[in-house]
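Inspection log for the structure reproduced underneath, given as structure tokens.
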Number of protein chains: 2
Amino acid sequence: MAQLPTVEDVARVANVSRQTVSNVLNSPEIVKPETRGRVETAIAELGYRPHASARRLRTRQSSTIGIRLDPLVNGISGSVLDRYLHALTERAAERGMRIMLFTADDPDDEIEEFRRLRDGADVDAFIVTATRYADPRIDWLVAEKVPFVAFGRPWGEDLNSPDRLWVDVDGHSGTHQATQHLISRGLTRIGYLGWPEGSGTGDDRRTGWEAAMTERFGLSPAELAGLTTTTEEGVPQARRIVEELFAGDHGLDALVCVSDSLALGAMMAVNEAGQRSFPVIGFDNTPVAQAVGLSSVEQNLGEVAAGTLELLMGATGRRVIPHGEGLQDPRHRLITPKLVVRRSSHLAPVEEAGSTTAGNHNREENQ
Amino acid sequence: MAQLPTVEDVARVANVSRQTVSNVLNSPEIVKPETRGRVETAIAELGYRPHASARRLRTRQSSTIGIRLDPLVNGISGSVLDRYLHALTERAAERGMRIMLFTADDPDDEIEEFRRLRDGADVDAFIVTATRYADPRIDWLVAEKVPFVAFGRPWGEDLNSPDRLWVDVDGHSGTHQATQHLISRGLTRIGYLGWPEGSGTGDDRRTGWEAAMTERFGLSPAELAGLTTTTEEGVPQARRIVEELFAGDHGLDALVCVSDSLALGAMMAVNEAGQRSFPVIGFDNTPVAQAVGLSSVEQNLGEVAAGTLELLMGATGRRVIPHGEGLQDPRHRLITPKLVVRRSSHLAPVEEAGSTTAGNHNREENQ
DNA sequence: TCCGGAAGTTTGATCGATCAAATCGTAAGT
DNA sequence: ACTTACGATTTGATCGATCAAACTTCCGGA
């Protein structure tokens with residue numbers, strides 16, 4: 001088979017030099033229109049396509065972003081990361097970037113992988129997920145000046161640190177919307193089913209519910225605590241604890257939950273208890289929520305992905321901004337999620353309050 | 001910042017030539033052990049890491065596999081591909097390979113992307129999913145002799161075509177196991193809830209149920225047809241049709257379903273009808289099935305991923321076998337799935353037949 | 001007329017690795 | 001002892017692009 005055409009070949013056909021071909025590709029504006037046209041014709045004619053590795057070797061740019069993909073799929077909510085990945089791949093493609101996946105057993109291993117990918121000019125930047133307090137990965141990336149964006153706020157650290165770009169979903173706003181929605185339907189004893197205190201994301205989501213309840217009913221911290229139930233993540237865990245709740249004298253009207261898993265477990269318990277009009281709202285709007293008709297807070301992962309790339313490449317840029325160069329403010333993006341209200345299925349029917357206007361919430365019938 | 005070390009630097013420190021360093025990396029067996037040790041020490045000392053792009057430029061190999069990631073997440077079962085992706089990333093890493101993602105709007109666009117990635121030496125091979133009859137992508141890949149593996153059998157074409165490597169899950173076996181399991185519990189009127197005829201995967205799965213029913217009860221085609229219900233993929237669709245079924249005089253004991261979506265819909269209808277001991281079995285073992293305690297057929301995606309790489313790289317190889325070179329037979333892998341039996345939750349409780357031995361089925365309590 | 005300078009284009013060097021062929025040294029064969 | 005052969009290592013060329021600097025035109029101003 002004939003060799004693939006190179007810049008050299010294109011140059012010969014267009015009767016120009018290598019460099020001019022290169023310029024047509026990389027900075028067309030400096031080439032005289034007439035010449036440019038000739039070169040473009042030659043490119044089309046030969047079916048020329050630049051050799052990415054050669055370009056990378058020279059420019060030390062890869063037009064590729066690395067992200068770790070965990071081996072384990074952590075159940076029902078694992079899909080959030082997958083959906084983010086889909087959105088990211090798509091948005092990245094729009095800017096001529098691609099996504100490369102890798103795995104790692106632990107943070108040290110991940111750093112080792114960062115190093116390999118960076119040194120091999122395989123990727124220009126990383127996206128790190130599941131960040132923790134005093135994360136060694138972040139420290140390494142900052143120290144080595146490798147561009148990166150974290151998906152998830154730096155809980156407990158400086159949210160505005162210039163070194164640390166991040167995107168996240170505003171959990172507070174999500175649960176606030178969910179709670180307000182229930183309030184607008186005339187419900188008052190709205191409980192919160194969350195994770196044990198100490199998780200940044202979980203605590204953030206709880207504050208949204210707290211704020212909405214306090215604004216409307218002026219509850220004291222003690223009263224709020226009385227409406228709060230916590231459990232580890234997991235459908236059976238949630239079902240168990242909500243069953244216990246229903247066994248006692250809870251006096252609740254509805255539940256706002258920190259995740260779809262907990263909401264699903266709660267729904268099952270609600271259903272079990274024969275409570276046919278006890279609304280439950282989840283978080284993440286996973287496929288499961290869609291499937292069973294569970295109202296949930298939708299993280300707009302397309303926006304999250306777009307925000308990620310804006311931080312990495314600027315508003316419209318097509319290459320990663322080197323660390324520390326002309327970074328715009330703010331150095332983060334906090335995406336506001338939207339409540340998706342579903343006419344709940346038989347699993348946990350929600351009575352529609354006749355005249356309720358649902359504001360700007362999404363409303364979705366069972367598709 | 002100091003330049004990254006190159007082979008040249010390592011060579012100087014180890015007092016050997018560039019090529020020897022290269023040999024230590026690529027064919028250690030031809031280097032005298034003593035020399036090798038010296039080189040390895042130098043590598044460690046300098047923290048040298050090969051520059052992937054330079055290597056790629058020279059060798060025209062990228063150690064990367066490309067796979068398209070669809071923008072849309074097709075509901076509940078979309079996660080199968082995601083789980084495959086996780087498994088693939090992990091297995092690929094074990095062999096020093098990485099996964100690169102891309103998107104495409106349609107088959108032609110995907111071919112264009114194949115071309116770009118191939119010409120740019122970005123990837124060594126592709127994995128194609130969601131293949132169709134007379135798929136133009138396959139034709140292109142075969143014509144261009146680009147190594148690839150299809151996830152999914154070439155339905156309606158030559159299963160043993162030498163040009164076409166594929167991996168797939170044995171749907172027949174999965175539904176056969178599911179049906180046998182129900183039979184072993186003493187159930188007899190076991191229905192099948194599937195997709196409309198014409199989908200390769202769907203038809204394959206139905207044959208497993210048909211075979212098991214025929215073996216045990218010697219049913220005629222007409223009788224089998226009487227036990228079969230079909231609908232398009234989707235939870236609400238399934239719920240609707242099973243509700244209709246229950247409204248009439250169906251006489252069924254249980255349902256084997258072609259997917260978890262349909263099974264979930266069926267479960268909801270069953271529950272609605274107050275049938276508390278009507279087993280439903282799904283297919284794919286999605287997180288949803290785990291969450292709601294639905295028995296389902298688990299596709300072992302780790303094995304599928306491993307099979308994919310075996311076809312691409314040989315049993316233990318660390319590089320992609322060029323098209324047509326020493327491909328072993330068979331040119332495909334058909335992975336046998338396993339039934340996961342769950343003690344079903346309140347959504348659709350399954351009575352345990354006291355003394356049933358479940359054979360080699362997996363048995364899983366609600367975690 | 002001559003010079004400065006910008007615009008457009010070309011030339012030579014280079015990125016970091018591997019390939020192919022050459023070289024060196026040593027052990028085996030006759 | 002002399003050739004042959006092989007194992008181990010080195011040398012020069014090369015992959016395909018871009019960078020940096022040089023070169024050529026051409027125009028306007030003194």
Side-chain angles (χ1 to χ4, degrees), chain A residues 2-40 42-43 46-63 116-122 124 318-319, chain B residues 1-40 42-43 46-63 96 116-122 124 318-319:
Chain A
Q3 280 281 58
L4 250 37
T6 71
V7 271
E8 193 76 52
D9 301 312
V10 175
R12 198 174 313 114
V13 171
N15 210 25
V16 296
S17 69
R18 294 190 314 276
Q19 186 60 36
T20 299
V21 177
S22 172
N23 287 337
V24 168
L25 260 41
N26 299 301
S27 4
E29 70 281 1
I30 71 166
V31 180
K32 209 201 296 190
E34 184 204 320
T35 315
R36 193 194 312 166
R38 209 148 24 100
V39 172
E40 280 163 351
I43 288 177
L46 296 175
Y48 166 78
R49 244 165 281 274
H51 193 288
S53 294
R55 168 182 282 167
R56 288 210 261 269
L57 172 58
R58 192 68 247 246
T59 64
R60 307 182 152 279
Q61 292 210 338
S62 65
S63 295
R116 227 192 307 276
L117 289 163
R118 191 267 316 255
D119 290 357
D122 270 308
D124 294 337
R318 293 181 67 84
R319 46 187 58 182
Chain B
M1 190 168 68
Q3 280 281 58
L4 252 35
T6 71
V7 271
E8 194 75 53
D9 301 312
V10 176
R12 198 173 315 115
V13 170
N15 210 25
V16 295
S17 69
R18 293 190 312 279
Q19 186 60 35
T20 299
V21 177
S22 172
N23 288 337
V24 169
L25 260 41
N26 299 302
S27 4
E29 70 281 1
I30 71 166
V31 179
K32 209 201 297 188
E34 184 203 321
T35 315
R36 192 193 314 164
R38 208 148 24 100
V39 172
E40 280 163 351
I43 288 177
L46 295 175
Y48 166 78
R49 243 163 284 273
H51 193 289
S53 294
R55 167 182 285 168
R56 290 210 261 267
L57 172 58
R58 192 68 248 247
T59 63
R60 305 182 153 280
Q61 291 212 337
S62 64
S63 296
R116 226 192 308 277
L117 289 164
R118 191 265 317 254
D119 291 357
D122 270 309
D124 294 337
R318 293 181 67 85
R319 47 187 56 182

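No hydrogens, no waters, no symmetry mates; every other heavy atom, side chains included, goes into these values. Order of the sequence lines sets the chain letters (A, B, ...), proteins ahead of strands, with each chain counted from 1.
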*asked:* Among A/Leu25, A/Val31, A/Val16, exactly one meets side chain to side chain contact (heavy atoms under 4.5 Å, CB included) together with A/Val39. Which residue is that?
replied: A/Val16
With 3.5 Å as the limit, what N/O pairs link the protein to nucleotides 22-27 of chain D?
none

*With heavy atoms under 4.0 Å as the rule, sort A/Arg36 into base, sugar-phosphate or nothing.*
nothing
*Remember a base hit wins even if backbone is also touched, and classify A/Thr20 as base, sugar-phosphate or nothing at under 4.0 Å, heavy atoms.*
base
Phosphate OP1/OP2 of [N] contacted by [X] side-chain N/O (<4.0 Å):
X       : N      : value
B/Ser17 : D/dT10 : yes
B/Asn26 : C/dT18 : yes
A/Thr35 : C/dG8  : no

Measure from [atom1] on [X] to [atom2] on [N] and round the result to the nearest Å.
X        : N      : atom1 : atom2 : answer
A/Arg12  : C/dT9  : CZ    : P     : 19 Å
A/Gln19  : C/dA13 : CD    : P     : 15 Å
B/Arg49  : C/dA17 : CZ    : P     : 12 Å
B/Asn23  : D/dG7  : CG    : P     : 14 Å
A/Asp122 : C/dC15 : CG    : P     : 20 Å
A/Asp119 : C/dC15 : CG    : P     : 17 Å
B/Glu8   : D/dT10 : CD    : C1'   : 12 Å
B/Leu25  : C/dT18 : CG    : P     : 6 Å

*Do NZ/NE/NH1/NH2 and the carboxylate oxygens of B/Arg49 and A/Asp122 come within less than 4.0 Å?*
no
[X] versus [Y]: any side-chain heavy-atom pair under 4.5 Å?
X        : Y        : value
B/Arg55  : B/Asn26  : yes
A/Val10  : A/Val13  : no
B/Thr35  : B/Thr20  : yes
A/Arg319 : A/Asp124 : no
A/Val7   : A/Tyr48  : yes
B/His51  : A/Leu57  : yes

*Kindly state which residues belonging to residues 51-61 of chain B come within less than 4.0 angstrom of DNA chain C, counting heavy atoms of the residue only, listed by number.*
B/His51, B/Ala54, B/Arg55, B/Leu57, B/Arg58, B/Thr59
_Closest heavy-atom pair and its distance - B/Ser63, B/Gly96_ = CB-O, 3.8 Å
*Could you pick out which residue, B/Ser22 or A/Ile30, lies toward the 5' side of DNA chain C when each is mapped onto its nearest nucleotide?*
A/Ile30
_Overall bend - the helix from C/dT1-D/dA30 to C/dT30-D/dA1, comparing terminal axes fitted on five pairs, nearest 10 degrees_ = 50°
*asked:* Quick one: does any side-chain atom of A/Arg56 pair with a main-chain N or O of A/Ser62 as donor and acceptor, under 3.5 Å?
replied: yes
_Gap separating the CG atom of A/Asp9 from the CZ atom of A/Arg18, nearest 0.5 angstrom_ = 12.0 Å
*asked:* Quick check for you: to the nearest 0.5 Å, what is the distance between A/Asn23 atom CG and A/Ser27 atom OG?
replied: 5.0 Å
*Measure from the side-chain heavy atoms of A/Arg18 and tell me the nearest of C/dT18, D/dT9, D/dT18.*
D/dT18
*asked:* Return whichever of A/Pro50 or B/Lys32 has its heavy-atom-nearest nucleotide of DNA chain D closer to the 5' end.
replied: B/Lys32
